[in-house]
J.: 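This is the structure, below, for whatever I ask next.
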2 protein chains.
Amino acid sequence: MDVNDEIRASGKRMTRTRRAVLSVLEQSQYPLSPTELYAQLKKHKVAIDLVTVYRNLVTLKELGLVTQLELHQEGQVRYEMREGRQHHHHIRCKSCGRIVDLLLCPLKKLTAVIEKETRFVVGDHSLEFSGWCPRCQ
Amino acid sequence: MDVNDEIRASGKRMTRTRRAVLSVLEQSQYPLSPTELYAQLKKHKVAIDLVTVYRNLVTLKELGLVTQLELHQEGQVRYEMREGRQHHHHIRCKSCGRIVDLLLCPLKKLTAVIEKETRFVVGDHSLEFSGWCPRCQ
DNA sequence: TCGTTACTGCAAGTGGATTGCACTTACCAT
DNA sequence: ATGGTAAGTGCAATCCACTTGCAGTAACGA
Ligand SMILES: [Mn+2]
Ligand SMILES: [Mn+2]
Ligand SMILES: [Zn+2]
Ligand SMILES: [Zn+2]
């Protein structure tokens, strides 16, 4: 079941703008903020409103097709396609803002410890590193 | 050197409002958002502007007297006193919003691995768990 | 006590994100 | 293929956390 089918199967529709949003996300090498995505769409001459970008991102997130990252140092949110890639985290350069995947999650084992210690039922976690990338050192 | 001295030593002044902000933070069992802190101050009949709360928090953070948490799921920031307590992380209840300390950091060992893999120089990290607390399960 | 300058309050401004509503369009049933 | 319905869109307004400008206030060292 590809992205198109996923959308249709949920009762959503595949529209001109939704296709364009997905296309930009699929081609991006790094997670995009709504504003960046909007700028990309303008560059590709796609007539779309920023609100529509936001609403599509919400929908795609609800469908589990994109992941929302909260790189809160930035005061904005970013999205990346979920397809294929597994759960992972990111590191962000404090100087140039570059964001790189960390293909690991060291926290799976920790959940049991936390649940025992706090009596919470652990759901999600967010983890983000920041530092200086090779170019900016 | 206590909090008062730290402030004075840096050329800052110990004002009525700053004392009040510190007092509320010191008595809180959990990290406070600027708005919550402001509400607490009102309850204690402290005449203060929300802007002054914000500015004091910035100052106290710069002095290293408070730690700013970025529990980004909330869309707001929280502060807690730093005094004594060491680096740690938090878990937040998705239902009632309660925030609890996790007295551990599993990431120190990981820094070397990440630096080797990404060639970044790692600075900070932020880590936050969410789930359901005992009462909300 | 006085003068410097950190600090405060009030008002306005920013920027990311959300909401209301009328209009449009995808797409399923006929 | 067509038409009806409900999802989706654009535009404007709004929200909300947070910041900035500035004139007036007050901390505190000389
Ligand atoms: Mn990624
Ligand atoms: Mn804490
Ligand atoms: Zn993880
Ligand atoms: Zn840590």
Side-chain angles (χ1 to χ4, degrees), chain A residues 3-24 31-42 44-63 65-66 68-79 92 97, chain B residues 2-24 31-42 44-63 65-66 68-79 97:
Chain A
V3 169
N4 203 318
D5 295 336
E6 294 268 11
I7 288 170
R8 301 283 296 283
S10 70
K12 307 290 182 183
R13 297 169 184 179
M14 182 52 85
T15 63
R16 176 184 65 85
T17 55
R18 185 160 293 161
R19 215 185 319 273
V21 166
L22 281 165
S23 165
V24 170
L32 295 173
S33 69
T35 311
E36 285 172 348
L37 185 30
Y38 178 64
Q40 285 291 314
L41 288 167
K42 283 216 145 170
H44 295 344
K45 310 287 184 195
V46 177
I48 190 171
D49 194 278
L50 180 56
V51 178
T52 302
V53 175
Y54 273 101
R55 288 199 270 229
N56 270 298
L57 289 170
V58 169
T59 300
L60 295 172
K61 180 187 170 189
E62 284 168 0
L63 294 181
L65 296 173
V66 303
Q68 184 189 53
L69 325 186
E70 325 229 12
L71 303 163
H72 41 249
Q73 293 127 340
E74 292 189 311
Q76 68 182 1
V77 114
R78 290 178 177 275
Y79 295 85
R92 176 174 179 278
Chain B
D2 69 358
V3 169
N4 203 318
D5 295 337
E6 294 267 11
I7 288 169
R8 302 282 297 282
S10 70
K12 307 290 180 183
R13 297 170 185 178
M14 181 53 84
T15 63
R16 176 184 65 84
T17 54
R18 186 160 293 161
R19 216 186 320 274
V21 167
L22 281 164
S23 166
V24 170
L32 296 172
S33 69
T35 310
E36 286 173 347
L37 185 30
Y38 178 64
Q40 284 291 314
L41 289 167
K42 283 215 147 170
H44 294 345
K45 310 288 186 196
V46 177
I48 190 171
D49 194 278
L50 180 56
V51 178
T52 301
V53 175
Y54 273 101
R55 288 199 271 228
N56 270 298
L57 290 170
V58 169
T59 301
L60 295 173
K61 180 187 170 190
E62 285 169 0
L63 294 180
L65 296 173
V66 301
Q68 183 189 54
L69 324 187
E70 325 230 12
L71 303 164
H72 41 248
Q73 293 127 340
E74 294 190 308
Q76 67 182 0
V77 115
R78 290 179 177 274
Y79 295 85

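Note that these values count all heavy atoms, side chains included, but never hydrogens, waters or copies made by symmetry.
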J.: To the nearest Å, how far apart are A:Gln68 CD and C:dA17 C1'?
T.: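 One finds 11 Å between C1' of C:dA17 and CD of A:Gln68, rounded.
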
J.: Calculate the interatomic distance between A:Asp49 atom CG and C:dG20 atom C1'; express it in whole Å.
T.: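 Those two atoms, CG and C1', are 14 Å apart.
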
J.: Applying side chain to side chain donor-acceptor pair (under 3.5 Å), name anything that partners B:Ser23, two or more places apart in sequence or on another chain.
T.: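 B:Ser23: side chain to side chain donor-acceptor pair (under 3.5 Å) contacts with B:Gln27.
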
J.: Mind checking the CZ-CZ spacing from A:Arg8 to A:Arg13? Nearest 0.5 Å is all I need.
T.: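 CZ of A:Arg13 is found 10.0 Å from CZ of A:Arg8.
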
J.: Would you list the pairs meeting side-chain hydrogen bond (donor to acceptor under 3.5 Å, both in side chains) in which at least one residue belongs to residues 45-57 of chain B, sequence neighbours left out?
T.: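 Passing the test, one end in residues 45-57 of chain B: B:Arg18-B:Asn56.
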
J.: Extract from the structure each pairing of a protein N or O with an N or O of nucleotides 26-30 of chain C at less than 3.5 Å, listing the distance.
T.:
residue : atom : partner : partner atom : Å
C:dA26  : N3   : A:Arg13 : NH1          : 3.0
C:dC27  : OP1  : A:Arg8  : NE           : 3.4
C:dC27  : OP1  : A:Met14 : N            : 2.8
C:dC28  : OP1  : A:Arg8  : NH2          : 3.3
C:dC28  : OP2  : A:Arg8  : NH2          : 3.3

J.: Testing A:Thr35, A:Val24, A:Val58, A:Leu37 one by one against A:Val53 for a side chain to side chain contact (heavy atoms under 4.5 Å, CB included), which residue passes?
T.: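 Passing option: A:Leu37.
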
J.: Which residues satisfy the side chain to side chain donor-acceptor pair (under 3.5 Å) test with A:Arg92, sequence neighbours excluded?
T.: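 Scan of A:Arg92 (side chain to side chain donor-acceptor pair (under 3.5 Å), adjacent residues dropped) gives A:Glu74.
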
J.: For B:Gly11 and for B:Ala47, locate the closest nucleotide of DNA chain C by heavy-atom distance; then report the residue assigned to the nucleotide nearer the 5' terminus.
T.: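 Looking at the nearest nucleotide for each, B:Gly11 comes out on the 5' side.
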
J.: Mind calculating the distance between CG (A:Leu57) and C1' (C:dT18) to the nearest angstrom?
T.: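 Taking CG of A:Leu57 and C1' of C:dT18, I get 14 Å after rounding.
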
J.: Return the CG to CG distance between B:Leu57 and B:Leu32, rounded to the nearest 0.5 Å.
T.: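 Reported to 0.5 Å precision, the distance equals 9.0 Å.
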
J.: How long is the line joining CD of A:Glu36 and P of C:dA17, in whole Å?
T.: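 Value for this atom pair: 11 Å.
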
J.: When the distance from OH of A:Tyr38 to P of C:dA17 is rounded to whole Å, what number comes out?
T.: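 After rounding, the gap between these two atoms is 14 Å.
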
J.: Suppose we screen for side chain to side chain donor-acceptor pair (under 3.5 Å). Which residues come up paired with B:Gln40, at least two apart in sequence or across chains?
T.: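 Applying side chain to side chain donor-acceptor pair (under 3.5 Å) to B:Gln40 gives none.
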
J.: Pick from A:Leu60, A:Thr59, A:Val66: which one makes a side chain to side chain contact (heavy atoms under 4.5 Å, CB included) with A:Val21?
T.: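 Looking at A:Leu60, A:Thr59, A:Val66, the match for A:Val21 under the side chain to side chain contact (heavy atoms under 4.5 Å, CB included) is A:Leu60.
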
J.: For side chain to side chain contact (heavy atoms under 4.5 Å, CB included), just list the numbers for B:Leu22 and B:Met14, CA-CA rounded to whole Å, side-chain angles, deciding distance to a tenth of an Å, and then say yes or no.
T.: CA-CA 10 Å; B:Leu22 281 164; B:Met14 181 53 84; 3.8 Å; yes

J.: Rounded off to whole Å, could you give me the CD1-to-P distance for the B:Ile7 and D:dA27 pair?
T.: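 Rounded to whole Å, this separation is 14 Å.
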
J.: Between the protein and nucleotides 17-22 of chain D, list every N/O to N/O distance that falls short of 3.5 Å.
T.:
residue : atom : partner : partner atom : Å
D:dC18  : OP1  : B:Val77 : N            : 3.2
D:dC18  : OP2  : B:Tyr54 : OH           : 2.8
D:dG21  : O6   : B:Arg55 : NH1          : 3.2
D:dG21  : O6   : B:Arg55 : NH2          : 3.4

J.: Round to the nearest Å and state the distance from A:Leu37 atom CG to C:dA17 atom C1'.
T.: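 It works out to 15 Å between those atoms.
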
J.: Starting at atom CG of B:Asn56, determine the distance to atom P of C:dA6, rounded to an integer number of angstrom.
T.: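 About 15 Å, once rounded to whole Å.
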
